[in-house]
Amino acid sequence: MSTLPVLHLGLCGFGTVGQGVWQHLEANRALLRARLGVDLRVTRVAVRDARRRRDVRLPRGVLCTDPLAIARDPAVPVVCELMGGTGLARQVTLAALRLGKVVVSANKALICEHGPEILATARRHGGHFLFEASVAGGIPIIKALREGLVANRFPRIYGILNGTCNYILTRMKEQGAPYAEVLADAKRLGYAEADESLDVDGWDTAHKAAVLAWLAHGVWVRTDQMIVEGISRLTPDDLRNAATLGFGIKLLAVITRDFRRDELSVRVHPTLLPAGDVIANVNGVFNAVSVSGDVVGTTLYSGRGAGRDATASAVLSDLADAAALLRHGKGAHVPGGEAVVSTRCRLAPPERIRSRYYVRLTVRDQPGVLARVASAMARHRVSIATVIQGPAERPRAASLVLTTHESDERAIGRTLRRLRSLAAVLEDPVLLRIGDFAS
Ligand code: NAP
Ligand code: HSE
């Protein structure tokens, strides 16, 4: 019989992540008891469909279909919100925090949309909100920023934050596999969100970037204040063209702070990275985050960014903090939202966001077209660095791939509008940024 204190846990959601948490709690029970001095015991689980077949068979009486009942159950001091979404998930989170509970969350969409309200509720009612699993899967990036790098200000954080997109881009590059087929595999493997457009259109990365920007700078940046572009228009040809030019393509979050001007920029877009950049070589479901601090210099973190096991590892690290709170009360060292110092800074205007660019155009294959394209770019002082012309999929058309010298978001935005208006440009141009962060 256990003589250790028991910490009763409620899991709201028992899909990919919830079942992973259960499995690893079971598999590592003895180790966790020895390390934490507490017996972590899941006593209630909520799902939407209690009749669904699952990988894990739960003991009788554990399963229910009412997550709010778990949030309000006085016998459950720790609630894991592992459902996703921003409706019921918000209600469950707030209800538990209002009762002074610990809430463990993997829900970056919820934090991005309702972070200030959630943290204020936790503060007001003596609850704790822990969210290591919300960003970069199994990489302990939240702890790194909040604890390990606490002495730093952060001029630049960039990296791959979405496992699904990195898995898709890797298989498109290595196997030339069709986008739709690879996306279906990512869903089957439990990497993708229930609504996969959150992944491929860049929103999931944007949610995570918002969480990192808040941790690093104490500012909540809304997704409508960011550039957010996904990978759904990329083709294996873009990956081949990039390789020819000496680059790999990754969907990146880029968070930069200019401390002199006190300006912050948070953006998400597919990016051409020099082939030698470490992050350009992080493949499959792996994520990687480069964090530059003014004290430490540049540090790099990599690991699996999605999937059952990696995410369960992050949830369990929060449960270890919850166990410390149980054992040592409020005196336990568990930095929460209150460890982040709010600051004021402006969002950088478009002309200050500078980059080189890759533009792919599908154009009529006829004399004078290249000259018209070049003239549209010159009009907005965007200087062409390289040109590759090749066949396009449609008849009597050519694919024109241009890279530019350094320009800025305002100039390239105007250039694209001009290009779209040309009769010789047959499809919406594909625009990618070129990021040389190492130099
Ligand atoms: P999932 O496999 O779709 O599981 C969601 C679970 O929530 C299911 O058990 C579902 O019940 C339950 N649920 C949904 N709506 C409910 C409702 N209205 N009432 C009761 N239960 C409800 O999702 P997941 O991949 O585990 O993701 C869960 C959360 O973790 C999301 O916020 C996601 O963004 C985040 N996350 C996921 C990963 C990953 O790699 N998958 C990584 C990091 C973070 P049924 O099973 O009955 O449908
Ligand atoms: N769908 C997300 C991803 C899950 O692929 O990265 C991890 O947050």
Side-chain angles (χ1 to χ4, degrees), residues 10-23 44-56 58 63-71 79-93 103-113 131-139 141-142 159-170 182-183 185-209 211-212 230-231 251 253 268 284-289 303-315 318:
L11 303 187
C12 298
F14 205 58
T16 302
V17 182
Q19 293 184 83
V21 170
W22 174 282
Q23 286 173 324
R44 297 197 69 181
V45 173
V47 292
R48 189 169 25 203
D49 176 3
R51 300 163 72 93
R52 171 176 287 184
R53 278 176 70 89
R54 300 177 195 274
D55 297 340
V56 172
L58 290 170
L63 200 62
C64 73
T65 53
D66 185 357
L68 274 168
I70 296 182
V79 176
C80 300
E81 190 279 289
L82 308 172
M83 299 183 295
T86 56
L88 182 59
R90 171 175 165 270
Q91 291 177 41
V92 164
T93 300
V103 175
V104 173
S105 175
N107 192 338
K108 52 272 171 167
L110 180 71
I111 304 170
C112 178
E113 209 169 298
F131 49 95
E132 187 62 67
S134 66
V135 182
I139 305 172
I141 191 66
I142 310 269
I160 301 166
L161 299 181
N162 186 275
T164 300
C165 289
N166 207 34
Y167 175 79
I168 293 173
L169 291 177
T170 303
V182 190
L183 175 58
D185 286 345
K187 292 180 78 163
R188 187 178 44 76
L189 291 163
Y191 302 157
E193 297 300 304
D195 170 4
E196 75 252 16
S197 69
L198 290 171
D199 296 295
V200 297
D201 292 336
W203 299 110
D204 177 75
T205 303
H207 295 150
K208 293 164 176 169
V211 176
L212 293 187
I231 63 164
L251 180 69
V268 171
V285 74
F286 278 65
N287 285 188
V289 193
R304 277 183 295 159
R308 178 173 289 193
D309 300 335
T311 314
S313 171
V315 171
D318 280 345

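Indexing begins at 1, ligand by ligand and atom by atom, following the structure's order.
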* To do: Tell me which one of Arg54, Gln19, Met83 gets a heavy atom nearest to atom 45 (P) of ligand 1.
  => Arg54

* To do: Check each of Val17, Asp66, Thr164 against atom 38 (C) of ligand 1 and report the one with the nearest heavy atom.
  => Val17

Considering the heavy atoms of [X], write down every atom of ligand 1 situated less than 4.0 Å from one of them.
{"X": "Asn107", "result": "32 (O)"}
{"X": "Ala133", "result": "43 (C), 44 (C)"}
{"X": "Gly190", "result": "39 (C), 40 (O), 41 (N)"}
{"X": "Ala306", "result": "40 (O)"}
{"X": "Asp49", "result": "47 (O)"}
{"X": "Phe14", "result": "6 (C), 8 (C), 9 (O)"}

Please state whether [X] comes within less than 4.0 angstrom of ligand 1, counting heavy atoms only.
{"X": "Gly137", "answer": "no"}
{"X": "Gly307", "answer": "yes"}
{"X": "Lys108", "answer": "yes"}

Part of [X] with heavy atoms under 4.0 Å of ligand 1, whether side chain, backbone, both or neither:
{"X": "Pro67", "value": "side chain"}
{"X": "Thr16", "value": "both"}
{"X": "Arg308", "value": "neither"}
{"X": "Ala106", "value": "both"}

Polar side-chain atom of [X] near backbone of [Y] as donor-acceptor pair, under 3.5 Å:
{"X": "Asn166", "Y": "Gly284", "result": "yes"}
{"X": "Thr164", "Y": "Tyr191", "result": "yes"}
{"X": "Gln19", "Y": "Asp55", "result": "yes"}
{"X": "Glu132", "Y": "Ile141", "result": "yes"}

For the residue pair [X] and [Y], what are the closest heavy atoms and their distance?
{"X": "Ile70", "Y": "Leu11", "result": "CD1-O, 4.0 Å"}
{"X": "Val315", "Y": "Cys80", "result": "CG1-SG, 4.5 Å"}
{"X": "Lys187", "Y": "Ala192", "result": "CG-CB, 3.8 Å"}
{"X": "Asn287", "Y": "Gly163", "result": "ND2-N, 3.4 Å"}
{"X": "Asp318", "Y": "Ala133", "result": "OD2-N, 4.3 Å"}

* Asked: With Pro67, which of Val92, Thr93, Val47 fulfils side chain to side chain contact (heavy atoms under 4.5 Å, CB included)?
  ->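 Answer to the side chain to side chain contact (heavy atoms under 4.5 Å, CB included) test with Pro67 among Val92, Thr93, Val47: Val92.
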
So for ligand 1, is [X] a polar contact partner (N or O within less than 3.5 Å, distance only)?
{"X": "Arg48", "value": "yes"}
{"X": "Thr65", "value": "no"}
{"X": "Gly18", "value": "no"}
{"X": "Gly15", "value": "yes"}
{"X": "Gly13", "value": "no"}

Report the nearest protein non-hydrogen atom to [atom]: residue, atom name, distance rounded to 0.1 Å.
{"atom": "atom 32 (O) of ligand 1", "answer": "Gly84 CA, 3.2 Å"}
{"atom": "atom 42 (C) of ligand 1", "answer": "Thr311 OG1, 3.1 Å"}
{"atom": "atom 34 (O) of ligand 1", "answer": "Glu193 OE1, 2.7 Å"}
{"atom": "atom 3 (O) of ligand 1", "answer": "Ala194 CB, 4.7 Å"}
{"atom": "atom 17 (C) of ligand 1", "answer": "Leu88 CD2, 3.7 Å"}

* Among Glu193, His207, Glu113, which residue meets the side-chain hydrogen bond (donor to acceptor under 3.5 Å, both in side chains) test with Lys108? ->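 Of Glu193, His207, Glu113, side-chain hydrogen bond (donor to acceptor under 3.5 Å, both in side chains) with Lys108 is met by Glu193 alone.
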
* **Non-hydrogen protein atom less than 4.0 angstrom from atom 25 (O) of ligand 1** =>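 Under the 4.0 Å cut-off, atom 25 (O) of ligand 1 does have protein heavy-atom neighbours.
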
* Looking at atom 47 (O) of ligand 1, would you say a protein heavy atom lies below 4.0 Å from it? ->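 Protein heavy atom within 4.0 Å of atom 47 (O) of ligand 1: present.
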
* Can Asn107 and Glu81 be counted as having a side-chain donor-acceptor contact under 3.5 angstrom? -> yes

* Asked: Under a 4.0 Å heavy-atom cut-off, what residues line ligand 2?
  ->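 The 4.0 Å shell around ligand 2 contains Lys108, Leu161, Asn162, Gly163, Thr164, Tyr191, Ala192, Glu193, Asp199, Asp204, Lys208, Gly305, Ala306.
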
* Asked: Could you state the interatomic distance from CZ (Arg304) to CG (Asp309), rounded to the nearest 0.5 Å?
  ->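 Separation between the atoms: 5.5 Å.
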
